[in-house]
There are 2 protein chains.
Amino acid sequence: MFDSTRTLYDKPRTVCDCLYPGEVTGKQFTSVWTRDPRPAKSPGRSRDEIVRAAVELLDAEGLEGLSMRKLGARLGTGATSIYWYVANKDELLELAYDDFWGEITLPEPTAQTWQQTVAAAAHGMRRLILRHPWSGELIGRMPSLGPNALAFAAVLRRTFKLAGFAGLEIDYANTTLTAYVFGMTIPELAWNKSKADGGYDPDTMREAVTKATAGIPELTESIHNSWDLDPDQVREMAFSFGLGAVLDGLEARLVT
Amino acid sequence: MFDSTRTLYDKPRTVCDCLYPGEVTGKQFTSVWTRDPRPAKSPGRSRDEIVRAAVELLDAEGLEGLSMRKLGARLGTGATSIYWYVANKDELLELAYDDFWGEITLPEPTAQTWQQTVAAAAHGMRRLILRHPWSGELIGRMPSLGPNALAFAAVLRRTFKLAGFAGLEIDYANTTLTAYVFGMTIPELAWNKSKADGGYDPDTMREAVTKATAGIPELTESIHNSWDLDPDQVREMAFSFGLGAVLDGLEARLVT
DNA sequence: ACCTGAACACCGTTCAAGT
DNA sequence: ACCTGAACACCGTTCAAGT
């Protein structure tokens, strides 16, 4: 990790005065969210514009398709101009990732039962992730401390609190739910990706899986069970099944 | 530990004879697992040796720390020599990923209640992922069709079948469980990573989170709740809590 | 305040050539 | 059968220099 953060700002802003001097404990935690953006006075580009273009590029070409040079080209500037607005590529990705979170429709906790609210949020998350597959590759790479991610977490937390959870269990319920959604959706991305990258049709994929699992009776049986079902439908059903299980399990923890 | 990859590459398998010719439907599904490895006759390197070195490098420097050149250096060869054993870097990662799966201790379905078996498997998975953090970044990137991954899936499937699940629900239960484990563990990796990369102590991290969540009452409350607890312990507790919920939820689906 | 271009230290991968 | 080195087309990032 390099340390260009100190050269980024011409003048320190008041909120973050305490950032750069050597501290007792060690380095300051580095993240876009612990720092102020550039003022962005007048003409030129803006962070917003850059992030929006980055998300477009990510949607179109995936995480590996995003490079500073390509992004610069899309913006009609040199690649290195971007570094005026953003310390490095990782920060840009943090920004893009929070932009992703901003797209989710926040559930309204009081309108329905908590199960309905949570289920709606879960399905919304899944659809959002499938719409922006690159998000799945970012989850394990950086903590999400952006305002949009936090806003969503807050609403979900409130929902669980209203449901009757208390203390640490509010957070346990929260992380359990989002863990389920991510864990269920991310492997879908891998399949979609290899399908898209290779341009395979479903039959080719099915054949590959059949071949790989040949000789393992449990798994050939599994494939046989869903042989003539639409893969997308199976995934939806699987998602709903597991979501129901998670909600039931949480409810059981509520009454005891 | 690394035992199961060994037997795979030494001799050509008959199963995959039909691989390279152009097919009717379009391109052949491309994956290490749908093709035969090089015969690997005599002295030289072996796939095994290369994969083992790759895993070491991944453990030491993470996914972004693995390059063909560095790996070559570690093996005492040129970077391009590796391409004789492996088609490209992605294939190497597929192999490394399955090597990862080979490290898990397969549960013994008949020894205990299915809940105990599954819980043990879940904790084992989590520990394994935390031990090889790069695995978390690979999940969303490529389907896991390697023999070790499949062997684990098969045992888990058998466990759920013995528990009384039938038809598609065997798979639903299976994917629900693994989704939970991955979804719960992957975000841990992100924190560990940024902690390690920056060399932060827990207080610095806590301070950063506090700053980011300031102004969102639900989240400041959340932080307050776990303020003087060991973060690692909190995560363990959260994991066990959610795991219990998932198991209960699955059981409820079993009796109805 | 913003943008540029050249430059540096890396990548993955191909390929003709060696043994 | 295996390995090499040079070469190509890329990367992220820095920095002095421009406006």
Side-chain angles (χ1 to χ4, degrees), chain A residues 1-13 30 32 36-50 53-54 57-58 61-96 137 141-142 197, chain B residues 9-12 30 32 36-50 53-54 57-58 61-96 137-138 141-142 197:
Chain A
M1 176 159 279
F2 73 106
D3 193 2
S4 72
T5 47
R6 71 177 68 248
T7 62
L8 190 65
Y9 304 121
D10 315 39
K11 43 181 174 184
R13 308 282 296 286
T30 304
V32 225
D36 278 328
R38 284 246 142 76
K41 302 256 153 140
S42 42
R45 308 274 169 290
S46 71
R47 252 200 189 180
D48 254 19
E49 195 186 344
I50 291 170
L57 198 49
L58 286 166
E61 306 192 23
L63 187 57
E64 68 188 14
L66 173 69
S67 79
M68 300 303 261
R69 285 170 225 257
K70 276 198 224 165
L71 182 57
R74 181 176 278 252
L75 289 163
T77 62
T80 56
S81 311
I82 299 163
Y83 286 85
W84 173 258
Y85 298 94
V86 139
N88 51 39
K89 195 184 178 184
D90 268 4
E91 278 206 357
L92 179 63
L93 288 174
E94 282 191 283
L95 259 9
E137 292 181 57
R141 263 173 59 166
M142 47 207 191
D197 286 0
Chain B
Y9 315 123
D10 292 325
K11 47 190 114 183
T30 305
V32 224
D36 277 330
R38 284 296 229 272
K41 301 256 153 143
S42 43
R45 308 273 170 291
S46 72
R47 254 200 187 181
D48 237 23
E49 194 186 345
I50 291 170
L57 199 49
L58 286 165
E61 305 191 24
L63 187 56
E64 70 188 13
L66 173 69
S67 79
M68 300 305 260
R69 286 170 224 258
K70 277 198 223 165
L71 182 57
R74 181 176 277 252
L75 289 163
T77 62
T80 56
S81 312
I82 299 164
Y83 285 85
W84 204 80
Y85 298 94
V86 141
N88 51 39
K89 194 184 178 184
D90 267 4
E91 279 206 357
L92 179 64
L93 289 175
E94 284 192 281
L95 292 168
E137 292 181 59
L138 256 28
R141 263 172 58 167
M142 48 209 191
D197 286 359

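Chain naming here is simple, since letters A, B, ... match the order of the sequence lines and numbering starts at 1 in each.
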(message) Strictly under 4.0 angstrom, non-hydrogen atoms only: write out the protein contact profile of nucleotides 12-19 of chain C, one letter per nucleotide from the 5' end, B, S or -.
(response) BBB-----
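- At distances below 3.5 Å, at least one donor-acceptor pair connects side-chain atoms of A:Glu94 with backbone N or O atoms of A:Val32.
- With pairs defined as Watson-Crick or G-U wobble and both atom distances under 3.5 Å, the stems of at least three pairs that touch DNA chain C come out as C:4-8 with D:12-16, C:12-16 with D:4-8.
- Separation of atoms CG (B:Asp90) and CG (A:Asp197) is listed at 8.5 Å; rounding is to 0.5 Å.
- One finds the CG atom of B:Leu63 at 10.5 Å from the CG atom of B:Leu57 (value rounded to the nearest 0.5 Å).
- Looking at A:Lys89, its side chain never comes within 3.5 Å of a backbone N or O of A:Met68 through a donor-acceptor pair.
- Atoms CG and CG, from A:Leu92 and A:Leu58 in turn, are 7.5 Å apart once rounded to the nearest 0.5 Å.
- Atom NZ of A:Lys70 and atom C1' of D:dA9 are 12 Å apart (whole Å).
- Residue A:Glu61 contributes atom CD, which lies 14 Å from atom C1' of D:dC11 at whole-angstrom precision.
- Put simply, CZ on A:Arg47 is 13 Å from P on C:dC2, counting in whole angstrom units.
- Rounded to the nearest 0.5 Å, atoms CD (B:Glu61) and NZ (B:Lys70) are 4.0 Å apart.
- For B:Leu71 and C:dC10, the CG to C1' distance is 16 Å, given to the nearest whole Å.
- Here A:Trp84 does not reach the OP1 or OP2 of C:dC3: none of its side-chain N or O atoms lies under 4.0 Å away.
- Using a 4.5 Å heavy-atom cutoff, the side chains of A:Glu137 and B:Glu137 are not in contact.
- A:Arg47 contributes a side-chain N or O that, together with a main-chain N or O of A:Tyr85, makes up a donor-acceptor pair within less than 3.5 Å.
- Under 4.0 angstrom from either OP1 or OP2 of C:dC3 there lies no side-chain N or O belonging to A:Thr77.
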